[in-house]
Amino acid sequence: MKFKDMCIEPTIQKALDMLGYEQPTLVQENVIPCIQKQQNVIVRAKTGSGKTAAYAIPILHTVVWEENKPQCLVLVPTRELAMQIKDNFTKIGLYKRIKVVTLVGKQPYHFQEQDLRQKTHVVVGTPGRVWEHIQRGTLDVSHLQYFVLDEVDEMLHIGFLPTVESILSNISSSCCKTMFSATISSEIQELAKTYMQDANMIEIQKEGEVPSNIEHGIYHVQEQEKKDLLMKLLVKERPMAAILFVRTQENVEDLYMYLEEFDLSVCKLHGGMLQEERIENIKAFRKGKKRFLVASDVAARGIDIMDISHVINYDFPLEVESYIHRMGRTGRKEKKGTVISFVTRQDKIRKERVEIYIGEALPQEDKKLLQQVEVLEEALQSLRRLFLEKEKEEYVDKDILMLYINSGKKKKTRPQDFVGALCEIEGVCAEDIGTIQIQDYHSYVQILNGKGQKVCNALQKVKGKKVKVEVAKDHCA
Ligand code: AMP
């Protein structure tokens with residue numbers, strides 16, 4: 001089957017072509033028709049299966065551009081996942097000029113409220129902040145047509161159940177509801193029974209089923225020899241890109257500093273870091289500017305990074321679900337992946353639980369062979385090397401440019417004023433204009449089809465008044 005056979009509206013189809021999505025993945029093949037028919041669905045699927053596009057495509061297909069109030073609300077457990085989903089929606093909805101707003105903690109309410117006062121099609125947020133906006137009356141849920149709960153298992157694990165229920169009880173029963181989770185616990189089933197009557201159940205991956213493209217291996221180690229063995233392991237494996245999972249924020253900092261001392265291409269991610277730094281690091285890792293990411297579980301949950309060759313459980317996960325989630329970071333889109341775990345005496349029972357769950361023993365690697373590996377300068381050099389940025393991302397980024405223009409609400413500038421001024425430029429038409437975000441003193445205007453730089457050079461006046469135009473820094477296109 002191809003997307004072209006799924007009757008997807010032309011602007012969305014054009015974006016799928018641009019992104020290089022030709023065929024729907026298994027989860028998309030199953031979920032898209034259900035959402036197109038406004039059916040409630042519960043989906044068991046892991047990240048990496050294409051689940052975000054499975055709901056973003058049919059939702060964006062039906063969203064009415066002219067409607068100002070949010071039509072879709074997506075709840076996710078973490079801020080990073082919210083950013084990633086916003087990015088997915090923005091790219092797929094690019095030619096439909098879809099406006100997506102993220103509502104996450106540790107960011108000022110003021111800007112979020114300002115965003116919500118403008119036309120907003122899709123809201124993506126974490127439960128706490130979304131609930132606060134509903135209570136303050138700044139998020140209007142009365143026009144919602146779609147409600148998505150993504151990574152529900154993780155959301156409940158963090159303790160968001162009461163907040164999720166409060167939000168759900170404010171949402172119309174006629175709203176189409178979709179739930180995604182890697183595991184379906186009895187708590188999740190209860191939630192679905194209460195709020196999602198007659199939901200279809202779609203299971204993409206059976207519980208315990210381990211994808212055949214992922215290889216597993218374990219080393220029995222003592223805590224104090226982990227660092228030394230890790231260096232040898234990296235030299236032996238030469239991962240293209242690896243996430244090194246550790247248990248606590250302190251351990252992230254400690255291991256990060258250790259690898260930095262060897263001058264390796266490494267970055268870090270944990271919940272105690274500033275939001276900007278976390279986003280920067282994810283970007284750097286995703287684009288291949290950094291080769292290793294030292295991360296804690298919560299911070300790395302659900303993050304979609306293609307081409308991770310290795311997941312290294314430097315600290316063995318405390319729970320089976322965590323092993324499954326960590327494993328899901330590699331072997332995406334049927335590529336080969338490797339999961340290597342260090343197992344201490346204290347981890348023995350945890351390792352056995354994982355083995356029971358996946359129905360097979362985790363292959364034991366020979367520690368003696370690893371101990372013999374020599375960490376030579378020449379081998380380290382190759383681990384320091386950076387990667388070229390991913391072609392696809394470059395393609396998309398080249399095509400779209402976000403411009404900053406120093407004209408906003410205080411000058412009574414409206415979207416049509418920008419459209420008018422831009423269409424006056426030779427060779428630019430409405431089709432080349434993406435989202436327009438008007439703030440008090442300035443605005444952000446997305447220019448498509450590779451015409452950004454040209455517009456940046458040519459645009460001088462809006463509403464007949466001189467304006468300053470520059471490429472927006474740190475503002476995601
Ligand atoms: P997700 O499971 O939503 O985290 O998606 C995993 C990755 O698959 C993302 O990088 C998507 O861009 C990519 N992807 C999703 N759907 C398709 C598709 N139909 N064809 C190719 N890539 C896809």
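When reading the values below, keep in mind they use all heavy atoms of this one structure, side chains included, and skip hydrogens, waters and symmetry mates. All ligand and atom numbering here is 1-based and tracks the order in the structure.
- Remark: R326 fails to qualify as a cation-pi partner of F316 under the 6.0 Å distance and 45° angle criteria applied to the six-membered ring.
- Using a 4.0 Å cut-off to heavy atoms of T52, the atoms of ligand 1 that qualify are 1 (P), 3 (O).
- A cation-pi geometry, defined here as NZ or CZ lying under 6.0 Å from the six-membered ring centre and within 45° of its normal, does not hold between K177 and F147.
- Sorted pairs that involve residues 59-78 and meet salt bridge (charged side-chain N to carboxylate O under 4.0 Å, His left out), not counting sequence neighbours, are lacking altogether.
- A284 is linked by a side-chain contact (heavy atoms from CB on, under 4.5 Å) to K289, K290, counting only residues two or more places apart in sequence or in another chain.
- The ligand atoms of ligand 1 that sit less than 4.0 angstrom from a heavy atom of G50 are 1 (P), 2 (O), 3 (O), 5 (O), 15 (C).
- If you number the atoms of ligand 1 from 1 as listed, the ones under 4.0 Å from a heavy atom of Q23 come out as 18 (C), 19 (N), 20 (N).
- Against a heavy-atom cut-off of under 4.0 Å, F3 is close to the following atoms of ligand 1: 19 (N).
- For ligand 1, the polar-atom distance check finds no N/O of E22 at less than 3.5 Å from any of the ligand's N/O atoms.
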CA sep, side-chain torsions, deciding dist, call: F292, Y256, side-chain contact (heavy atoms from CB on, under 4.5 Å): CA-CA 9 Å; F292 303 110; Y256 168 75; over 6 Å; no
